[in-house]
Amino acid sequence: MRFGIFGSASAKRNSGEFDSSEGFHDFVEYNVEAEALGFHSTFVVEHHFTGYGQVSATLNLLTWLGARTKTLRLGTAVMVLPWHNPVLLAEQAATLDLLTGGRLDFGIGTGYRYNEFVGFDLPMEDAREKFEESISIILKAWTSNEPFSHQGRFWTFKNIVVEPPSFRKPHPAVWMGAGSERSIQDVARRGFNLLLGQYASPADVAKNISIFRKAVEDKGEKWDPMRVGVTRAFFVTDDPREVEQALERRLANRMRQLKLATMPDGRILGGPDRADGDPVQINLNSAIYGTPDEMARKIEALRDAGAEYLLINGGGSGGGERGRLSLRRFAKEVMPEFVGK
């Protein structure tokens with residue numbers, strides 16, 4: 001199996017509990033240590049207008065982190081394309097990929113939080129069409145050596161060539177988050193890699209990986225389990241009371257995130273925070289909290305479901321030194337049971 005980090009930094013804004021390490025510099029040090037402990041990657045979110053002090057300038061943070069590391073892959077989870085000028089984004093992403101020797105994992109999505117679209121004064125109903133136009137421009141910008149022009153519904157560019165070229169050819173690795181059968185098949189159709197959210201049950205993980213694998217193999221491509229990243233919240237502790245407290249923090253955080261994604265009519269438009277069923281049971285089924293032995297059993301269930309690339313989110317620890325202690329214990333007491341098998 002392979003392990004990476006998933007999460008966000010948060011600048012203190014006196015707004016209560018956070019779902020990740022508090023402080024951008026603390027988050028950077030956390031990832032530097034993760035590389036030393038043998039983690040393969042880090043995937044960082046993009047969010048705006050939360051009041052939590054979350055990461056908004058994702059590529060800026062990853063550029064700083066790329067300068068502090070040597071092997072850690074640098075992922076976006078995800079860049080919301082409807083909010084960005086696609087040519088400027090293509091240039092920034094290619095620059096990061098070039099400077100880090102091809103370490104960028106470019107995760108993309110359409111966006112799902114209502115409050116963010118309102119903040120940018122952008123209609124959510126245009127998100128899918130704008131995403132499609134943007135990704136086509138970005139891929140062309142990365143692969144065209146000659147100047148090209150584009151005139152679409154949302155963007156117009158005249159006689160441009162994007163610089164610099166990316167390190168990885170023909171372009172940086174592209175990842176997409178998906179959860180429904182149709183969206184998962186769409187990821188395979190595009191030839192991209194798949195990111196699965198942290199709240200799905202092991203049974204749903206197995207179903208989604210099976211859908212993706214079939215779609216990949218139906219294209220005549222060889223199956224590679226490392227094309228699927230499965231996110232899980234983790235927290236190593238021997239104290240059952242700390243597990244209960246961590247679960248309460250995680251549930252409260254999820255409820256806050258769902259509120260940000262709720263439409264005025266009460267609908268919640270997808271996203272990694274959404275899962276059908278009782279919120280308490282979803283929390284219990286998806287979090288990997290507890291002793292190393294308890295965590296190993298849950299990871300075994302995910303491995304049996306086909307998940308071989310696990311992205312762990314340190315939401316249970318509350319951040320800071322406790323979060324780093326949990327990371328160290330996971331690397332030394334849990335990972336060796338799975339790495340290399």
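All values below were derived from every heavy atom in this structure, side-chain atoms included, with hydrogens, water molecules and symmetry-related copies excluded.
In this structure, Val162 shares a hydrophobic cluster with Val87, Ile137, Phe148, Phe154, Trp155, Phe157, Ile160, the cluster being traced through Ile, Leu, Val, Met, Phe, Trp and Tyr side chains under 4.5 angstrom apart.
In this structure a side-chain-to-backbone donor-acceptor pair under 3.5 Å is missing from Ser144 to Glu146. One N or O on the side chain of Glu116 and one on the backbone of His48 form a donor-acceptor pair closer than 3.5 Å. Between the side chain of Thr42 and the main chain of Asn31, no donor-acceptor pair closer than 3.5 Å is present. With hydrogens and angles disregarded, no donor-acceptor distance shorter than 3.5 Å links the side chain of Ser201 to the backbone of Asn285. Of the possible donor and acceptor atoms, one in the side chain of Lys169 sits under 3.5 Å from a partner among the backbone N and O of Ser166. Side chain of Asp97 to backbone of Phe167: a donor-acceptor contact under 3.5 angstrom is found. The main-chain N or O of Gly66 is found under 3.5 Å from a side-chain atom of Arg103 such that the two form a donor-acceptor pair. A donor-acceptor contact shorter than 3.5 Å is absent between the side chain of Lys130 and the backbone of Leu81.
Under 4.0 Å is where a charged nitrogen must lie from a carboxylate oxygen, and between Glu132 and Arg190 at least one such pair does. Under the 4.0 Å criterion applied to side-chain N and carboxylate O atoms, Lys222 and Glu217 are not assigned as salt-bridge partners. Comment: Arg68 engages Glu29 in a salt bridge, judged by a side-chain N to carboxylate O separation of less than 4.0 angstrom. The residues Glu242 and Arg322 are annotated as salt-bridged, a charged nitrogen and a carboxylate oxygen being separated by less than 4.0 angstrom. With salt bridges taken as basic N to acidic carboxylate O contacts below 4.0 Å, none links Glu308 and Arg303. With respect to Lys207 and Asp204, no salt bridge is recorded, no charged nitrogen being found less than 4.0 Å from a carboxylate O. Note on Asp238 versus Arg329: salt bridge recorded, some NZ/NE/NH1/NH2 to OD/OE distance being below 4.0 Å. Using a 4.0 Å cut-off between charged side-chain N and carboxylate O, Asp218 and Lys214 make a salt bridge. Looking at Arg324 and Glu33, a side-chain N of the basic residue comes within less than 4.0 Å of a carboxylate O on the acidic one, giving a salt bridge. With respect to Glu221 and Arg213, no salt bridge is recorded, no charged nitrogen being found less than 4.0 Å from a carboxylate O.
A 4.5 Å side-chain heavy-atom check between Glu35 and Thr71 finds at least one atom pair inside the cut-off. Between Thr291 and Thr237 there is no side-chain heavy-atom pair separated by less than 4.5 Å.
With a 6.0 Å radius and a threshold of 12 heavy atoms from other residues, nucleotides or ligands, Lys158 has its NZ atom at or below the threshold. With a 6.0 Å radius and a threshold of 12 heavy atoms from other residues, nucleotides or ligands, Trp64 has its CH2 atom at or below the threshold. Open room surrounds CG on Asn145; 12 or fewer heavy atoms of other groups in view lie less than 6.0 Å from it. Summarising the local packing, CZ of Arg182 is surrounded by 12 or fewer heavy atoms from other residues, nucleotides or ligands at distances under 6.0 Å.
Residue pairs satisfying the ring-ring contact (aromatic ring centres under 6.0 Å, His included) criterion with at least one member in residues 86-105, sequence neighbours excluded, are absent. Residue pairs satisfying the side-chain hydrogen bond (donor to acceptor under 3.5 Å, both in side chains) criterion with at least one member in residues 76-96, sequence neighbours excluded, are listed as follows: Glu46-His84.
Relative to the ring axis of Tyr199, Arg254 places its NZ or CZ within 45° and under 6.0 Å from the centre. The cationic atom of Arg2 (NZ for Lys, CZ for Arg) lies less than 6.0 Å from the six-membered ring centre of Tyr309 and within 45° of the ring axis.
Each of Val230, Val45, Leu310 was checked for a side-chain contact (heavy atoms from CB on, under 4.5 Å) with Phe6, and the lone residue meeting it is Val45.
In this structure, the separation between CD on Gln198 and CG on Asn283 is 9.0 Å, given to the nearest 0.5 Å.
Note: the hydrophobic cluster containing Leu98 does not contain Leu139 (ILVMFWY, side chain heavy atoms under 4.5 Å, direct or indirect links). No continuous path of ILVMFWY side-chain contacts below 4.5 Å connects Leu99 to Leu74, so the two sit in separate hydrophobic clusters.
Take Asp265 and apply the salt bridge (Lys or Arg N to Asp or Glu O under 4.0 Å) test, not counting sequence neighbours, and it matches Arg267. By the side chain to side chain donor-acceptor pair (under 3.5 Å) test, Ser183 is found to be paired with Ser180, residues two or more places apart in sequence or in another chain being considered. Glu248 meets the side chain to side chain donor-acceptor pair (under 3.5 Å) test with no other residue; sequence neighbours excluded.
Residues Phe106 and Trp142 place their aromatic rings such that the two centres sit under 6.0 Å apart. Separation of the Phe234 and Phe330 ring centroids falls under the 6.0 Å cut-off. Between Phe3 and His40, the gap from one ring centroid to the other reaches at least 6.0 Å.
The shortest heavy-atom contact between Phe27 and Ala9 is CB-CB, 3.5 Å.
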